[in-house]
Number of protein chains: 2
Amino acid sequence: MVTRDGRRVTITDVASHAQVSTTAVSKVLRNAYGVSEAMRVKVQAAIDELGYRPHAAARAMRGRTFTIGVLLPHIRNPFFADIVEALAEQISGAGYQAIIVQGGGTDPKAERRAIDALVDRQVDGMLAVAPVITRKELEEIGRGTPTVVLGRHDRSPVYDSVLDDDEVGAELVVEHLIGLGHRRIAHITQNDNVPARPAALLQTVRARSYERVMAEHGLAGHIALAVTSYSEEGGYEGTRELLAREPRPTAIFAGADQAAFGVLAAVNEAGLAVPGDISVAGYDNSRLTAMAHVSLTSVDQDGAAMGQTAGRLLLERVQGRTSAVRFSVTPTLVARRSTAPPPAG
Amino acid sequence: MVTRDGRRVTITDVASHAQVSTTAVSKVLRNAYGVSEAMRVKVQAAIDELGYRPHAAARAMRGRTFTIGVLLPHIRNPFFADIVEALAEQISGAGYQAIIVQGGGTDPKAERRAIDALVDRQVDGMLAVAPVITRKELEEIGRGTPTVVLGRHDRSPVYDSVLDDDEVGAELVVEHLIGLGHRRIAHITQNDNVPARPAALLQTVRARSYERVMAEHGLAGHIALAVTSYSEEGGYEGTRELLAREPRPTAIFAGADQAAFGVLAAVNEAGLAVPGDISVAGYDNSRLTAMAHVSLTSVDQDGAAMGQTAGRLLLERVQGRTSAVRFSVTPTLVARRSTAPPPAG
DNA sequence: GTGAAAGCGCTAACAG
DNA sequence: CTGTTAGCGCTTTCAC
């Protein structure tokens, strides 16, 4: 990949080595129309011999970069790994590479900077996971760069959407707990003060769905929300708050597994047993739920299907599709040992 | 950031808008030497007014990309998040952006592709976290792109190294367990069949250190290794294997927290208590260790310091430093409730 | 089917 | 201190 004089091998080196024009090499590289088999073989041989790889930045000046940018709020949630892995797998076949940038968690300014960084690097497409900026901003970006938004509930004619049916997911959990006999079911949610409309955020959908199902079962009076965050600390703090109420809940539904782990810690610390005294459920079905000391009831939302679909949609966009599509996965409940009937009395 | 006709705003637009040359704009952008204050103000006004952002790919053709590439084996380990966050924080002040690519975990081919992707995108510097390719390959890459390697124990005059003193870390754990009275202490390690020399890998260093300390205390006969992987599944499988031995260990030291969580699950499933029947210790001091149902004894290796240092070293390299440096953090033991004296008898 | 040449947006000499 | 100009490596007309 370097010439005798230490320079990087360029398309010109390949061309002169194969005794053809740079145009011909370029065409072979891109499988473009109009190259004879003989030419293809000759050029490919030169490419292999010199170990040539196209210079992505130079490509970016004219055509594609063969790069898909992924915006993640952070890389702490293993659930994101499922999404990214499936995406990478899906696009690699077409010669695409995924690059990841971290947005600022819940800070819209930092998120915007991260997205701009991708746009400035001329990614051919972008997957934005649970972004918090406004729909208007996303559309502005989507007009310039093919975009898939994952995990938001607002609709747009500009970008594609991939999401989990959080309404159903939350419903599954609450119905499950009610079915076990629980009435005092609490919920831990996340409240960000972000530009995006609350109804567009998955945490809002989960919380509203929780409230709705409670009300439908005549349990509106037992609605108890702890508004912290989808993190271990958030789950821990929220639980301490909920346990201090009188009477305390017999079940806690955390909006995310990470928060549920914090719930387990707080419940345990309070000298209470799971599920003997308190049932606990999470959301995401991350690997640790199965592994946890007390295996955790959770909602599976098939991150692999979401990531794979996002990849496919982006490739389609690069291919030229301009209409927006919306893909929703239906979650399923995975009941484990952390939920059981409430204690008698 | 787009002109009336939908084109992206370029340096030429800014120049004509401010009635100056593109050179002047370029100099202002880069804080280069030789611009009057008046010029700076005028150009900056035009930049702000037009919402101009430099085109990273175009920059890459001539000078810097202001991009640092980070290679991660995968994004499942939250410990990596500490490193990346600290790195991003450190370099953002200098106007740098971090982009992350996933190597193939333990697959050297995929890892090499991921690294090449960064090089092809002209990153100004690269942080390779726990790479598994050979030192020779790393040096080849390091000659072309400023490189910091994190978590490897081999030395190189070409790239910088940032690492945890895994020898000390493992020693702390084993001494701690021996101090509590344990003799049958088992260790769960990871064995990859990778191009890198085993001695260069942190898991080997931890395992060798475990064996050494055991031997030093006359416990060579009690050395028990389960060779699986640093993952929940690896910890789980390794533990089932260890518990089947006769007599079974009274303590299990997992080489990574993720594996330790699998240990907890397997121990629990076997109807044994932690730490009543079996003490468990991990490595990494990830946040969940404090939160876990049974809070986990672990080794803290200050990922933030490592990430921050990696960022600083990379900026120094970009600035022109060519000599290689090596930075090692000294780990500390964080004893929690998962370790206690062995059961009597 | 093939190649010559223009040009993407920027930076780095170099002149003025 | 400021501007003119060449050219980075590639893709894309457009001749041949």
Visitor: With a 4.0 angstrom cut-off to heavy atoms of chain A, pull out the first and last contacting nucleotide of DNA chain C, in 5'-to-3' order.
Guide: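 Span of nucleotides near chain A: dG1(C) to dG9(C).
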Visitor: For I11(B) and dT5(D), give me the distance from atom CD1 to atom P, rounded to whole Å.
Guide: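 Atom-to-atom, I11(B) to dT5(D), this comes out as 17 Å.
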Visitor: Check this for me: does the side-chain of T23(A) come within 3.5 Å of the base of dT11(D) through a donor and an acceptor?
Guide: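 Not at all, since no donor on one side and acceptor on the other fall under 3.5 Å apart.
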Visitor: Salt-bridge test for D160(B) and R326(B): reply yes if a basic N is under 4.0 Å from a carboxylate O, no otherwise.
Guide: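 Result for this pair is no, no salt bridge flagged.
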Visitor: Do D124(B) and Y96(B) get their side chains close enough for a donor-acceptor pair, meaning under 3.5 Å?
Guide: yes
Visitor: Starting at the 5' end of DNA chain D, which residue's closest nucleotide do you reach first, R62(B) or Q19(B)?
Guide: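 Per heavy-atom nearest nucleotide, the more 5' residue is Q19(B).
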Visitor: Considering every strand and a 4.0 Å limit on heavy-atom distances, what is the contact class for Y52(A): base, sugar-phosphate, or nothing?
Guide: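 Sugar-phosphate contact only.
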Visitor: Quick one: R121(B) CZ to dG9(D) P, roughly how many Å, whole number?
Guide: 17 Å
Visitor: Is a side-chain donor-acceptor pair under 3.5 Å present for R30(B) with S26(B)?
Guide: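 Result is yes, a qualifying pair exists.
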Visitor: Report yes if at least one side-chain N or O of R30(A) is closer than 4.0 Å to OP1 or OP2 of dT12(D); otherwise report no.
Guide: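 Yes, because at least one side-chain N or O of R30(A) sits under 4.0 Å from OP1 or OP2 of dT12(D).
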Visitor: Please state how far atom CD in Q122(A) lies from atom P in dG9(D), giving the value in whole angstrom units.
Guide: 19 Å
Visitor: With nearest nucleotides of DNA chain D determined for V25(A) and E37(B) from heavy-atom distances, which residue corresponds to the more 5′ nucleotide?
Guide: E37(B)
Visitor: Separation of R59(A) atom CZ from dT12(D) atom C1', in whole Å?
Guide: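 Roughly 14 Å, once rounded to whole Å.
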Visitor: Rounded to whole Å, please give me the gap between NE2 in H55(B) and P in dC10(D).
Guide: 16 Å
Visitor: For R152(A), is there an ion pair with D154(A) - N to carboxylate O distance below 4.0 angstrom?
Guide: yes
Visitor: Would you kindly say whether E139(A) and S156(A) are connected by a side-chain donor-acceptor distance under 3.5 Å?
Guide: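 A donor-acceptor contact under 3.5 Å links the two side chains.
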Visitor: Just how far, in rounded Å, is C1' of dT13(D) from NZ of K27(A)?
Guide: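 Answer to the nearest Å: 10 Å.
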Visitor: For N193(A), does the CG atom sit with more than 12 other heavy atoms under 6.0 Å from it, leaving out its own atoms?
Guide: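 No.
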Visitor: I'd like to know whether CZ of R321(B) has more than 12 heavy-atom contacts from other residues, nucleotides or ligands below 6.0 angstrom.
Guide: yes
